[in-house]
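First up is the structure itself, then whatever we jot down about it.
Numbering starts at 1 and runs along the sequence shown. Every number for a ligand or one of its atoms is a count from 1 in the order of the listing.
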Amino acid sequence: MSERQRRKLDHVRLAVAGPGARAGGAGWEDVHLVHRSLPELATHEIDLRTSICGVPLARPVMINAMTGGAPGVTAINRDLAAAAAELGLAMAVGSQTAGLREPEVVESYRVVRRVNPRGVILANLGSDATPEQARAAVEMVEADLLQLHLNAPQELRMREGDRDFRGRLERIARIVQELSVPVVVKECGFGVSRETARQLYEAGVRAIDVSGRGGTNFVWIEDRRAGVVEGDPGLEGWGLPAACALAEVAALDLSGLELIASGGIRHGTDAAKALALGARAVAVAGPVLARQQREGAAGVRAYLEGLLADLQTACLLCGARDLAALQRQPVVITGLVGEWCRLRGVDLAALANRSQP
Ligand code: FNR
């Protein structure tokens, strides 16, 4: 087994074992929706269809990028794709660098398209990719969109990781220009700040997954892989809490910029809060993998069905019939996230006093 293939298996094992697989620290608990005692709605009226860069999504929840690249993970992607197909959810594959270099692992990615021939699938590569690699990754899974991931903290904690991050924005801009499918730039649990979002926007990016801190923690994972027993708490807690990242990037209000929220989204109410703050969709990784490891495709489906049902309940209890209505709801932000937003110039009073016509 190559070192890269062993790394893929380590990531799965440690992501499930790690503290980030459980909730906490993403800040969703500081975001509050306002209850309506007279919602004047029936559950069957709630319609949460959405789209990302013109690609329609039946539901605003997706399975985020995780794996591929080792023969041992083909079964994981098969189970995730089966659940995605049954529930009509978009799904991203894990980084395809391995698939571009090692033909024997291509099947671990392609299985996702085979199991879900008509579903929305996102390809995934690092931000150092070339347009040729981007095209090949898209072709490999017949993807509808491409994710380019940013993960500098993780790379720096990996013995074999990148140390030079120059020129990434230029590479992203070239891919956005040359690729035939839309590009989503995503973090990997460290959060896109408003400064980064603005840089990406100016480079032509029109979809960002803020993927903030508080869920799966790749500094913790890489420290454990490297045999570090007690890591630097400042680095193991690095990044913007997911709710802070989303609130500050949404407040930029850049015309045509579409947001996906991820990082510590565990429950339907987390999803409802993120959508109310301005995300067009939310994405979940760690807990989906944990359920797959314990219970296979059926467990993944049960978890996501529960999350979708609770999201619908939260929408009804706010009186929101669709995503547009949810995004007009008042959102009260307190605690650490509120303090962060206040210091970063997010208009908390305007958010808390929005009113649905
Ligand atoms: C990931 N993630 C990830 N992201 C990416 O863009 N490319 C990748 O190859 C991977 N690999 C990967 C492996 C495993 C095992 C996990 C759990 C996650 C990151 C993922 O897409 C997401 O951004 C973070 O995990 C934060 O979301 P959660 O896990 O808190 O819901």
Side-chain angles (χ1 to χ4, degrees), residues 4 7-28 61-70 72-73 76-77 80 90-100 105 108-109 112 122-129 137 141 143 145-155 158 161 183-192 208-222 224-225 239-243 245-246 260-267 270-271 274 279 281-293 300 303-304 307:
R4 186 186 288 111
R7 183 167 76 232
K8 303 288 178 184
L9 300 179
D10 285 348
H11 284 167
V12 169
R13 181 174 53 80
L14 289 165
V16 171
R22 293 180 285 278
W28 302 116
V61 175
M62 47 188 263
I63 298 178
N64 220 346
M66 279 184 278
T67 202
V73 300
I76 298 177
N77 271 343
L80 301 182
M91 170 181 167
V93 295
S95 176
Q96 290 166 267
T97 310
L100 297 178
V105 298
S108 67
Y109 302 96
V112 169
L122 294 90
N124 186 287
L125 281 176
S127 54
D128 56 345
V141 293
L145 299 124
L146 170 72
Q147 289 180 328
L148 291 176
H149 65 257
L150 308 172
N151 66 339
Q154 178 187 7
E155 293 290 340
M158 272 164 63
V183 172
V184 178
V185 175
K186 74 181 284 289
E187 251 295 352
C188 292
F190 304 103
V192 172
I208 295 176
D209 175 348
V210 297
S211 194
R213 183 183 100 197
T216 303
N217 179 340
F218 268 98
V219 169
W220 184 91
I221 289 174
E222 295 302 346
R224 301 291 92 71
R225 278 188 65 231
L240 290 83
L246 177 63
I260 299 171
S262 75
I265 301 260
R266 300 294 175 258
H267 304 287
D270 302 332
V282 302
V284 190
V288 171
L289 181 67
R291 290 297 288 260
Q292 187 281 334
Q293 292 287 287
V300 174
Y303 169 71
L304 289 168
L307 189 149

Amino acids contacting ligand 1, non-hydrogen cut-off under 4.0 Å:
H11, A15, N64, A65, M66, G94, S95, N124, H149, K186, E187, C188, S211, G215, T216, F218, G263, G264, R266, V284, A285, G286, L289
Sorted by chain and residue number, the side chain to side chain contact (heavy atoms under 4.5 Å, CB included) partners of A245 (sequence neighbours excluded) come out as V210, L240
Q154 side chain to F218 main-chain N or O, any donor-acceptor pair under 3.5 Å?
no
Test log, rule side-chain contact (heavy atoms from CB on, under 4.5 Å), inputs L80 and Q292:
CA-CA 7 Å; L80 301 182; Q292 187 281 334; 4.2 Å; yes
Residues forming a side chain to side chain contact (heavy atoms under 4.5 Å, CB included) with A90, sequence neighbours excluded
L57, M62, V120, L122
SG of C188 to CE of M66: how many Å apart, nearest 0.5 Å?
12.0 Å
Across all chains, not counting sequence neighbours, the salt bridge (charged side-chain N to carboxylate O under 4.0 Å, His left out) partners of E222 are R225
